[in-house]
There are 2 protein chains.
Amino acid sequence: MSAGGGRVRIYDVAHLAGVSVATASKALNDTGRMTDETRAKVKVAAAELGFRPNAMARGLIQRRSFTIGLLTNDSYGRFTLPVMAGISEALVDQGVSVFLCGIEDDPALGKLHLDAMLDKQVDGIIASGKRVDRRLPVDLSNLPVPVVYAFTEGHEGSVTLVSDDAQGSAEAVEHLKRLGRKRIVHVTGPETFASVRERAAAYRNALGGEGIVLHGEWSEHWGHAAVDLLWTAEGARPDAIFCGNDQIGRGVVDALRERGVSVPEDVAVVGFDNWDIVASQTRPPMTSVDMNLKAIGREAGRLVLELAEGRAVEPGIRKLPCRLVIRQSCGGNAAVTHRRGGVEATVD
Amino acid sequence: MSAGGGRVRIYDVAHLAGVSVATASKALNDTGRMTDETRAKVKVAAAELGFRPNAMARGLIQRRSFTIGLLTNDSYGRFTLPVMAGISEALVDQGVSVFLCGIEDDPALGKLHLDAMLDKQVDGIIASGKRVDRRLPVDLSNLPVPVVYAFTEGHEGSVTLVSDDAQGSAEAVEHLKRLGRKRIVHVTGPETFASVRERAAAYRNALGGEGIVLHGEWSEHWGHAAVDLLWTAEGARPDAIFCGNDQIGRGVVDALRERGVSVPEDVAVVGFDNWDIVASQTRPPMTSVDMNLKAIGREAGRLVLELAEGRAVEPGIRKLPCRLVIRQSCGGNAAVTHRRGGVEATVD
DNA sequence: TCTGGATGAGAAAACGGTTTCTCGGGAGGG
DNA sequence: CCCTCCCGAGAAACCGTTTTCTCATCCAGA
């Protein structure tokens, strides 16, 4: 079983089975013609030696490397990692491995990684980013391999996968309306982001054209500041706040608590991103819109493989649905046990 | 420049330059003997055609794939991503690409990814995890390629890289002492973690054997609970809290603020991990110990390459120093501007 | 003028598989 | 009984490089 020295080659298998290399190859790949007996004999020999074919040799002739590249500028990995997980999940069964290349926003670095990947004959490339409406700092429009964009802007005529921000946004607002909330405010990120505009539009649409949208930065600070703003202003206060991301949501929840406004009784809060580390650690844990990044990754993996294997794929932008993850920041039917979680302490 | 159809092979370069394939190869690799003129001629032809050698063909004969695999069970990527960034940084210049494989804690998945990588003839493997004192659920002890462990426990006689928890811990405590803090408490994670024990020991050591250590879970909740505990208990209250990670630190800072205890005036707080998204978003931003994961990654990349190229590397555990990142939760010499950050709001 | 070493360059083998081509033999049909 | 066809299996070509070997040629030294 995998001796120390040289790895076992198909030659060794053929020798042990008493057949030619050609026959061995065909036996193992279930191609060619031979008796079932011969085929079985070869397979037994291969198993006995622990033979695994050299992917480079195989790839050279098949012109496939069973390898794809993931290019991203999301150095923090918050968006890319779930996407990556989905890609991997979709491809590992086909024996495809994934190169991960973080290129920051550096065109030179991007070129470096891209060239390295092309040299290695990747079967395809998936480009991913931290922002749907920005491009990676590297041109992928005339590559000898197929490209799929996931969560970043693609080139003309490309295949692009994004989450359906509008649907996610609408779902959040409908949820709040269903719970009887009347004055729903949207606190979100900078208007320069396409996803911000799209979510805001869907929010307004769900409210029949009404609504209040506050734009700020993507931070807890802004969540705080927005609550200050809302509670200092004249007029009726909101009974629900739909936030553009979980960090803003966290700031909002904290600010409300500090003001003595109770969540979810007085004000319901919904976040966006379902970034577990943030959403589940707010007090109370925050209901949030999940963009299903893993599903985007799976789909991207599936599509790039389709393309790599020569099947046609309709170009264009595909939107995958978001999913509302219910926690305790909206109240409603679920029993709102505001538990502190089994914290145990040992003094020593 | 990279025409659509078939990629350009060295044959094309040789043909254009009017030399043989062998000569072309030697010219491009700066090996063999030939006139400078011939060499230049080939290089010009290669540049003109945009020739890039097929790494699979090259790898087949050189028995190098210029590829390494990163195996991790850290699905959230908090530890693995910085390590990955370091590895990439160290290797991209050598033309080495990195396969990232998330294997959760599933032995079958681990084997699947490992086999896929070995088939692809990776030059080496780096194993990484979310916990220094746990092994990946896959045996890497008798592989035909070198293995380096980064931030996870290795096998007998292996090369392992970890952060120097004791030094980091000591640095944090020294910092607090230098600022005149006298009653420093350590609030940290479960004692089952080796890093917890090591940090706690170093903390006690820095205090001359004294000290109070509170163990709980790795959560904001526990940070809160610990403060409750400390402020409800009899006796003198701490004037500094050194936390086992940033999430606990965040809970501590929040709990203190809610109690009206001011940070850093009354109590200084130090975190661990320097997880920017947490540490910089506490109010005030939190001083924290950075484990230099990127440096660990760089070193792991460097070492696995050394091994892959046949050079000897002393086995054993190598500890890389931590670095204290000063923010505003300890006061001290730096001007403690408790700014709210340029929050701008636009109502629309 | 002859020999021998150095030099430039190409032919060919190798890497480890897959795939096409070839070939001998057995079965079946005329 | 002979011819054909099909089947099983091996020989050889191929993928795109690198590397070793071989071989002219040229120049220096005797």
Side-chain angles (χ1 to χ4, degrees), chain A residues 2 5-43 45-46 49-67 95 116 118-123 144, chain B residues 2 5-43 45-46 49-67 95 116 118-123 144:
Chain A
S2 87
R7 305 194 191 180
V8 23
R9 298 155 306 164
I10 199 171
Y11 172 85
D12 304 312
V13 175
H15 188 75
L16 177 61
V19 299
S20 72
V21 172
T23 303
S25 174
K26 284 179 286 195
L28 295 174
N29 292 303
D30 285 322
T31 60
R33 290 183 311 208
M34 70 197 66
T35 56
D36 291 348
E37 188 190 4
T38 305
R39 205 179 285 282
K41 195 170 55 182
V42 172
K43 286 186 175 176
L49 295 175
F51 170 72
R52 311 218 92 228
N54 181 321
M56 290 201 294
R58 163 181 275 176
L60 192 53
I61 189 165
Q62 293 189 161
R63 300 180 151 141
R64 284 269 322 256
S65 62
F66 288 90
T67 279
L118 291 176
D119 290 353
K120 278 156 195 140
Q121 313 290 116
V122 288
D123 299 336
Chain B
S2 87
R7 305 193 191 180
V8 21
R9 298 156 306 166
I10 199 172
Y11 171 86
D12 304 313
V13 175
H15 187 77
L16 178 61
V19 300
S20 71
V21 172
T23 302
S25 174
K26 284 177 287 194
L28 295 173
N29 292 301
D30 285 323
T31 59
R33 290 183 312 211
M34 70 196 67
T35 57
D36 292 348
E37 187 191 4
T38 304
R39 206 179 284 281
K41 194 170 54 182
V42 173
K43 287 187 173 175
L49 295 174
F51 170 72
R52 311 218 92 225
N54 181 322
M56 290 201 295
R58 162 182 276 176
L60 192 54
I61 188 166
Q62 293 189 161
R63 304 192 146 106
R64 284 271 320 256
S65 61
F66 287 90
T67 278
L118 290 176
D119 290 354
K120 278 157 195 141
Q121 313 291 113
V122 289
D123 298 335

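Predicted model, so just to flag it, every value in this text is computed and none were measured.
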Separation of atom [atom1] in [X] from atom [atom2] in [N], rounded to whole Å:
X     : N      : atom1 : atom2 : value
B/D12 : D/dT17 : CG    : C1'   : 13 Å
A/L49 : C/dG17 : CG    : P     : 12 Å
B/I10 : C/dA14 : CD1   : P     : 20 Å
A/Q62 : C/dT20 : CD    : P     : 11 Å
B/F66 : D/dT18 : CZ    : P     : 10 Å
B/R9  : D/dT18 : CZ    : C1'   : 16 Å
A/Y11 : C/dT18 : OH    : C1'   : 18 Å
B/R64 : D/dT18 : CZ    : C1'   : 15 Å

Side chain to side chain, [X] and [Y], heavy atoms closer than 4.5 Å:
X      : Y      : result
A/D36  : A/K41  : no
A/N54  : A/I10  : no
A/R63  : A/Q121 : no
B/K120 : A/T67  : yes
B/F51  : B/L28  : yes

Quiz item: Looking only at side-chain N and O atoms, does A/R63 come under 4.0 Å of OP1 or OP2 in D/dG16?
Solution: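 Answer yes for this pair, as a side-chain N or O of A/R63 is under 4.0 Å from OP1 or OP2.
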Quiz item: When you measure from the side chain of A/D12 to the backbone N and O of A/V8, does any donor-acceptor pair fall under 3.5 Å?
Solution: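 No.
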Quiz item: Any donor-acceptor pair under 3.5 Å linking the side chain of B/S25 with the backbone of B/T23?
Solution: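 Here the side-chain-to-backbone pair does not exist.
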Practice problem: Test A/D30 against A/K43 for salt bridge (Lys or Arg N to Asp or Glu O under 4.0 Å), laying out the working first. | Solution: CA-CA 10 Å; A/D30 285 322; A/K43 286 186 175 176; 3.0 Å; yes
Practice problem: Quick one: do B/V19 and B/R39 satisfy side chain to side chain contact (heavy atoms under 4.5 Å, CB included)? Show the steps, please. | Solution: CA-CA 10 Å; B/V19 300; B/R39 206 179 284 281; over 6 Å; no
Quiz prompt | Proximity to DNA chain D (any heavy atom under 4.0 Å), residues of residues 17-38 of chain B only | solution =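 Heavy-atom contacts with DNA chain D come from B/V21, B/A22, B/S25, B/K26, B/N29.
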Quiz item: For residues 54-61 of chain B, which residues have at least one heavy atom under 4.0 Å from DNA chain C?
Solution: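 Heavy-atom cutoff 4.0 Å gives B/L60, B/I61.
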